[in-house]
Protein chains: 2
Amino acid sequence: MSTTPQRVPYSVAARELLRNTLLDAACHELQSRHWADITMADIAVAAGVSRQTLYKEFGSREEFAQVLVMREAESFLDAVEHAVGQHLSDPAKALAAAFDLFLTSAAENPLLRAIVIEEGAEELLALLTTQGKPLVERAADRLTAVVIAGWPLIRRRDAELLGDVLVRLAISYAALPDGEASATAAAVSSLFQPYVEKLVREGTP
Amino acid sequence: MSTTPQRVPYSVAARELLRNTLLDAACHELQSRHWADITMADIAVAAGVSRQTLYKEFGSREEFAQVLVMREAESFLDAVEHAVGQHLSDPAKALAAAFDLFLTSAAENPLLRAIVIEEGAEELLALLTTQGKPLVERAADRLTAVVIAGWPLIRRRDAELLGDVLVRLAISYAALPDGEASATAAAVSSLFQPYVEKLVREGTP
DNA sequence: GAGCATTGTCCACTTACTTGACAAAAGAGT
DNA sequence: ACTCTTTTGTCAAGTAAGTGGACAATGCTC
């Protein structure tokens with residue numbers, strides 16, 4: 001099921017620790033200030049590291065933001081993956097549960113809140129939308145994989161479409177919520193329900 | 001209650017990671033071989049680090065073993081501390097629960113098993129007994145602190161005695177179990193029950 | 001007692017991180 | 001439009017951390 005927690009050599013763990021320390025530092029700063037007000041120097045200092053090290057690890061401010069958003073996305077995808085796994089017997093339920101989980105935790109997530117609520121985060125917002133190709137592709141890929149793993153009868157092309165559409169919807173509602181998260185989740189899943197049920201039953205819409 | 005999880009600068013976290021990686025590597029090796037069969041070089045390699053780095057971080061094999069045992073002890077003390085916290089209203093129950101928890105988890109602990117069961121671990125065994133002064137003192141101190149925090153009426157001298165005696169008993173039973181862990185825990189706690197109850201009631205035996 | 005492995009130490013070497021400096025770009029204030 | 005300031009991104013020189021190879025000393029074993 002999960003990958004074996006094999007022993008990690010120090011050098012690898014240390015690099016990972018460095019990157020995470022820097023990303024964590026940025027997240028922490030975001031709780032008190034806008035992204036635009038946070039300099040690369042601030043992040044380096046908050047991580048207890050020189051600015052040069054930050055630049056060596058992530059090439060530029062842009063790139064750093066990209067990775068920051070991506071890391072948060074991966075953790076969301078982990079949660080979604082787990083939620084889907086709880087409802088393998090009922091695709092509609094799985095969809096509703098996953099969407100619900102995503103929206104509610106997105107509403108509470110510090111980074112997302114910084115992007116959605118505050119004003120000084122246009123640069124980060126773009127990474128979810130206009131500049132968001134890597135993110136959407138990655139998320140759609142993972143979602144597609146989850147769907148295929150859970151319901152093998154579905155054709156790959158259909159799973160890919162479903163993954164792409166769901167990711168885009170999820171991002172849209174995360175960026176601009178419309179009422180209660182659970183209500184949105186229920187509504188969206190009811191909309192997709194006939195499609196996915198036909199899909200898992202017949203392997204084609 | 002617990003210490004604030006304040007932000008850790010990278011350099012500190014990295015050193016901690018290095019030490020833990022090395023200690024973890026040793027624990028891992030212990031699952032398949034005796035302590036006497038494990039060389040410092042083995043540990044370094046298993047941690048993905050040079051032998052020199054191992055020696056720089058821990059001065060000698062002896063010292064390394066000391067820290068290895070100490071780290072495991074701290075984690076046991078954490079668990080015991082937590083168990084006591086669950087039964088603040090009833091000292092006798094707290095004692096029984098803590099002792100029970102300690103003995104059962106000690107029986108399953110890989111490092112402890114390596115020391116108690118295998119033959120090639122005399123050097124480690126000594127760290128619990130004849131060479132065990134630092135360990136006993138540290139454990140007794142923490143236990144004393146827990147007791148005082150939980151039942152402030154007790155006099156410091158009495159708490160210190162209790163802490164010391166309990167630690168020594170715990171180590172003895174861990175090194176040489178006598179029947180079922182829970183039975184031992186119940187027996188020992190019944191033995192101390194009158195003493196501790198008088199203590200917490202009257203503040204003196 | 002000869003041979004072999006391990007411990008603990010030394011030193012030269014590489015790699016990671018730091019420090020201070022700088023041009024270029026972006027804003028803020030006048 | 002123009003300066004003053006700040007930040008970004010890059011460089012070079014310096015320090016610290018980890019590597020790799022060598023060594024005497026100890027201890028084992030055959």
Side-chain angles (χ1 to χ4, degrees), chain A residues 7-26 29-30 32-69 118-127 131, chain B residues 7-26 29-30 32-69 119-124 126-127 131:
Chain A
R7 309 192 41 61
V8 186
Y10 172 73
S11 60
V12 175
R15 186 183 253 71
E16 200 60 23
L17 173 65
L18 173 58
R19 294 175 69 88
N20 280 326
T21 304
L22 284 161
L23 293 165
D24 289 344
E29 295 302 298
L30 270 172
S32 57
R33 297 183 284 164
H34 301 329
W35 173 248
D37 297 337
I38 301 170
T39 73
M40 295 296 269
D42 292 336
I43 297 171
V45 168
V49 132
S50 81
R51 200 165 62 93
Q52 187 65 16
T53 303
L54 168 52
Y55 273 104
K56 195 184 291 183
E57 199 56 40
F58 307 88
S60 67
R61 181 185 175 87
E62 173 86 20
E63 218 177 303
F64 181 82
Q66 183 73 251
V67 175
L68 186 63
V69 169
E118 325 258 0
E119 312 87 41
E122 292 78 15
E123 184 187 340
L124 290 179
L125 176 58
L127 291 175
Q131 310 290 325
Chain B
R7 311 193 36 63
V8 186
Y10 171 72
S11 59
V12 175
R15 185 180 257 71
E16 200 60 24
L17 174 64
L18 173 59
R19 294 176 69 88
N20 281 325
T21 304
L22 284 162
L23 293 166
D24 289 344
E29 295 303 298
L30 270 172
S32 57
R33 297 183 283 164
H34 301 329
W35 173 249
D37 296 338
I38 301 170
T39 73
M40 296 295 271
D42 292 335
I43 297 170
V45 168
V49 131
S50 81
R51 199 165 62 94
Q52 187 64 18
T53 304
L54 168 52
Y55 273 103
K56 197 184 290 183
E57 198 56 42
F58 306 89
S60 67
R61 181 185 175 84
E62 173 86 19
E63 216 177 304
F64 181 82
Q66 183 74 250
V67 176
L68 185 64
V69 168
E119 312 86 40
E122 292 77 15
E123 186 186 339
L124 291 180
L127 292 175
Q131 311 289 325

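The model shown is predicted, which means the values in this text are computed figures rather than measured ones. So you know, we letter chains A, B, ... as the sequences are listed, proteins then strands, and number each from 1.
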> Nucleotide by nucleotide, 5' to 3', does protein get under 4.0 Å of the base (B), only the sugar-phosphate (S), or neither (-) in nucleotides 14-28 of chain D, counting heavy atoms?
Replying inline: ----BBB-B------

> Between atom CH2 in Trp35(A) and atom P in dT7(D), what is the gap in whole Å?
Replying inline: 14 Å

> Taking CZ from Phe58(A) and P from dT10(D), how many angstroms apart are they, rounded to a whole number?
Replying inline: 15 Å

Of all residues at least two apart in sequence or in a different chain, which pass the side chain to side chain donor-acceptor pair (under 3.5 Å) check with [X]?
X        : answer
Glu29(B) : Arg33(B)
Ser11(A) : none
Arg15(A) : none

Contact between [X] and [Y] at the side-chain level, heavy atoms closer than 4.5 Å - yes or no?
X         : Y        : answer
Tyr55(A)  : Glu63(A) : no
Arg19(A)  : Phe58(A) : yes
Glu123(A) : Glu62(A) : yes
Ile43(A)  : Phe64(A) : yes
Glu16(A)  : Asn20(A) : yes

> Taking five pairs at each end, how big is the angle between the two axes of the helix from dG1(C)-dC30(D) to dT30(C)-dA1(D), to 10°?
Replying inline: 30°

>> Reading DNA chain C from 5' to 3', where do the contacts with chain B start and stop? Cut-off is 4.0 Å to heavy atoms.
In response: dT6(C) to dC17(C)

> How many angstroms lie between CG in Leu18(A) and CD in Glu57(A), if you round to the nearest 0.5 Å?
Replying inline: 5.0 Å

> Is a donor on one side and an acceptor on the other found under 3.5 Å between the side chain of Asp42(B) and the backbone of Thr39(B)?
Replying inline: yes

